[in-house]
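To keep things clear, I will list the structure first and then write my remarks on it.
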2 protein chains.
Amino acid sequence: MLTFYNPSLVIGAMEMASNMRQVFERRRPLVLEVRDELERMILCGEVAAGERLDELALAERLGVSRGPVREAARSLERDGLVTTVANHGVFVRKLSVEDALELYDLRALIAGQLCAQVAECADARLRAALRAEVTQMEAAIDAAEEGRYFELNLAFHDRIAAEAGAARTQALYASLGKEVRLMRRQVLKGEASLRLSNREHGRIVAAIEAGDADAARRAGAAHHLNGKARLIATL
Amino acid sequence: MLTFYNPSLVIGAMEMASNMRQVFERRRPLVLEVRDELERMILCGEVAAGERLDELALAERLGVSRGPVREAARSLERDGLVTTVANHGVFVRKLSVEDALELYDLRALIAGQLCAQVAECADARLRAALRAEVTQMEAAIDAAEEGRYFELNLAFHDRIAAEAGAARTQALYASLGKEVRLMRRQVLKGEASLRLSNREHGRIVAAIEAGDADAARRAGAAHHLNGKARLIATL
DNA sequence: GGATTGTAGAATGTCAACATTATTCCATTG
DNA sequence: CAATGGAATAATGTTGACATTCTACAATCC
């Protein structure tokens, strides 16, 4: 039997602690690595919408065989990032305007649900954290740091989704989030839009703090529907 | 064993007409055939919840290689019917009670959305068709034909989903439908439950006929939430 | 006797080769 | 000259074999 280089055998006791995780955590399946890379390529726009994903070329570029690439591509299909045509390959999904608008509606619906659930179960600590994030976002706008606002905005919505305690709903929300990102047409974000957007965040948190599930649902949905309206305005 | 009709083999001229479709229609990819078979096995309960799907055994039984079986299994994972554990294989998903209840909530949310959209765009023909189906279901109850009621019930909900004109939402509703079917614990359907259920159908159709989107949303959601309540009652 | 280590078996993960299908382009025919 | 038919080509579909990992069991050591 062949024996392979095992990092756990040669690292000193001092280094063990910091490397424990790496050592004991199972190696990630190759498929997941490939999947993440393909997802990144698509969401970053390195491959254009409608373009074909060449199995062989990708396999060679990533240094793996076609099998994992195939599986990864099928995995992306589930999230709506690509579409597969038999005997023709997989293509980066091209969202029609109608598709995008439907996605906004659907996402607004889910977001409303998540906000309502958070409103019903939020404790003082969570409320304070959400309120703090809104304040931080306002500060980011004041400092004209759009990148930071974008980052905080993602974290804010992720936190709400995570704290709702509904795993399946959270996963669906995240999946739809990736799907809408296929729409390259970025909703331009001037300072005015950011102020409006963050005011909506404030309304969501206010409803959560008040424990008003229905108001939180409406505020969460409205926030996404306003995003939809901003998209329409750019058409 | 899955055997396929090969158009290159001789078929008599007489048989041509009846077999035209089969001959000229592209052969479905093997993966889809396997996928459908596995899905049937799971939803029919031929493989118990939590049970492992043996790649090799299934491949031999279906007369294909392990590749298509693997891909089909991954496809099922995307629909939430199985879960994959690295180096351990794929297992029929075992729904916890919490999971099932969340699915009911999520499905109620989506169903409400679909009903609201149908209420906004339904024409006279569709309204008549929906009303007729409710009447037929009532007749099925009178005749104590539970199987027929079940069938009509599925068609009724499928029609609403299809006519809403929101492809992504419809697909999601269907996917969630398969997922909830994992919960073997059937909600027992006595005549009383059927009457109540169909009365809810009537309320949905009434709201659609009135063009009241909000009422339709509430009626559609309530119908599914009542199903959830019936499930809870059996615990 | 209990814990540990090594080994054997079986399962999944990965790969490269082969088979099939679809497109393209050119020759042929009307 | 247009249309049709067929090879050449390149992609996906499928397969069987090999590599790796995990579980179980038994032999060994403390």
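Here is how names work: the chains are called A, B, and so on, in the same order as the sequence lines, proteins then strands, and each is numbered from 1. Since this is a predicted model, take the numbers as computed values, not measurements.
Applying the side chain to side chain donor-acceptor pair (under 3.5 Å) test to B:Asp36 and every residue at least two apart in sequence or in another chain returns B:Arg28. Judged as a side chain to side chain contact (heavy atoms under 4.5 Å, CB included), and not counting sequence neighbours, the contacts of B:Asp79 are B:Arg35, B:Leu81, B:Ser175, B:Lys178. The salt bridge (charged side-chain N to carboxylate O under 4.0 Å, His left out) search around A:Arg217 returns none, not counting sequence neighbours. Looking at residues two or more places apart in sequence or on another chain, you find a salt bridge (charged side-chain N to carboxylate O under 4.0 Å, His left out) between B:Arg159 and B:Glu133. For A:Glu60, the side chain to side chain contact (heavy atoms under 4.5 Å, CB included) test picks out A:Leu56, with sequence neighbours left out.
A:Leu58 places its CG atom 13 Å from the C1' atom of D:dA11, with the value rounded to the nearest Å. A:Glu55 places its CD atom 14 Å from the P atom of C:dA16, with the value rounded to the nearest Å. Straight-line distance from the CG atom of A:Asn87 to the P atom of C:dT20: 13 Å, rounded to whole Å. Rounded to an integer number of Å, the gap from CG of B:Leu30 to P of C:dT20 is 13 Å. The nearest whole Å value for the distance from the NE2 atom in A:His88 to the P atom in D:dA10 is 17 Å. Note: CZ (A:Arg35) to P (C:dG13) measures 16 Å, nearest angstrom. Between the CG atom of B:Leu56 and the C1' atom of C:dG9 there is a distance of 14 Å, rounded to whole Å. What separates CG of A:Asp54 from P of D:dG13 is a distance of 12 Å, to the nearest Å.
A salt bridge does not link A:Glu77 with A:Arg93: none of the charged nitrogens is closer than 4.0 Å to a carboxylate oxygen.
For the segment residues 65-77 of chain A, residues with any heavy atom less than 4.0 angstrom from an atom of DNA chain C are, sorted by number, A:Ser65, A:Arg66, A:Pro68.
Backbone-only contact: A:Leu53 has heavy atoms under 4.0 Å from sugar-phosphate atoms and none from a base.
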